[in-house]
Amino acid sequence: MLSLCVGGLSLFDPFYMLSESFWLSALAVSIMLTWYHWFPLPARYRRGRRWLPLQLLHPKLGIMLLMAPLQVMLFEGISLSALAANLLAIPTITFISVPLILLAMLTPVGSLCAALWWLAGVSRGSGWWRHYRRCRAAGGHFTTPACWQSSSGVG
């Protein structure tokens, strides 16, 4: 299925495969498939509200661990605050921002439409983003040593 999507993208924009965003997206999907196949959450932790924090942490931890080599190669470091930021950002964007944006697009122009766009903007720019920037400014980004960068082909 992934190869079908990649093939479709290459038909519409062949140069898209040269962008870093393409490789990050394709690798993230591949990592999720690999993580759930090779490192599934044990059956007893998959059900119940009691295990919800573990159920939310499991896929994000997998992406963080398996994306680390590509992050080092492309960005010369690993963000230590990315796990915390993603725990807040992904549910906010998925369950609040995207539905508000879709509703705003379907609403005729008027005060309701403007209010929906404003709410979508507020949900995207809420406190989690400021917290992420504050963490990064306070040293939440681990820059790899120069010897790692030269061996990865980056520097």
Side-chain angles (χ1 to χ4, degrees), residues 1-41 46 52 55-137 140-144 146 148-155:
M1 184 67 170
L2 182 62
S3 60
L4 184 64
C5 293
V6 171
L9 284 172
S10 66
L11 282 175
F12 290 109
D13 187 7
F15 293 110
Y16 184 64
M17 288 191 289
L18 299 175
S19 71
E20 292 173 351
S21 65
F22 168 77
W23 289 107
L24 288 169
S25 298
L27 187 64
V29 171
S30 301
I31 282 174
M32 289 303 293
L33 294 172
T34 303
W35 184 253
Y36 280 115
H37 185 266
W38 291 101
F39 306 103
L41 200 58
R46 287 187 219 152
L52 187 61
Q55 293 167 2
L56 292 173
L57 188 64
H58 180 256
K60 289 164 187 60
L61 184 65
I63 284 182
M64 187 181 88
L65 290 174
L66 296 177
M67 288 278 289
L70 186 65
Q71 287 177 353
V72 168
M73 189 177 80
L74 293 177
F75 306 117
E76 300 177 3
I78 300 169
S79 175
L80 301 177
S81 59
L83 183 63
N86 283 333
L87 283 172
L88 294 170
I90 291 173
T92 302
I93 299 296
T94 303
F95 297 117
I96 297 172
S97 299
V98 170
L100 284 171
I101 290 169
L102 291 174
L103 218 76
M105 289 172 57
L106 294 174
T107 306
V109 177
S111 59
L112 179 61
C113 180
L116 289 171
W117 280 113
W118 180 79
L119 284 172
V122 168
S123 70
R124 284 184 342 140
S126 59
W128 63 267
W129 183 251
R130 286 189 298 277
H131 173 70
Y132 175 72
R133 285 188 295 187
R134 204 174 313 126
C135 285
R136 188 164 181 182
H141 184 266
F142 173 70
T143 305
T144 56
W148 289 10
Q149 293 171 14
S150 61
S151 65
S152 68
V154 172

>> Under the rule for ring pair (Phe, Tyr, Trp, His ring centres under 6.0 Å), what residues qualify as partners of Phe95, not counting sequence neighbours?
In response: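 Phe95: no ring pair (Phe, Tyr, Trp, His ring centres under 6.0 Å) contacts found.
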
Can you tell me how far apart [atom1] ([X]) and [atom2] ([Y]) are? Round to the nearest 0.5 Å.
X      : Y      : atom1 : atom2 : answer
Met32  : Lys60  : CE    : NZ    : 7.5 Å
Thr107 : Leu116 : OG1   : CG    : 5.0 Å
Leu24  : Met67  : CG    : CE    : 4.5 Å
Ile31  : Met64  : CD1   : CE    : 12.0 Å
Ile101 : Trp117 : CD1   : CH2   : 5.5 Å
Phe39  : Leu61  : CZ    : CG    : 10.5 Å

How far apart are the closest heavy atoms of [X] and [Y], and which atoms are they?
X     : Y      : answer
Pro59 : Leu56  : CD-O, 3.6 Å
Ser97 : Ala120 : OG-O, 4.1 Å
Val98 : Thr94  : CB-O, 4.1 Å
Leu41 : Arg46  : O-NE, 2.6 Å

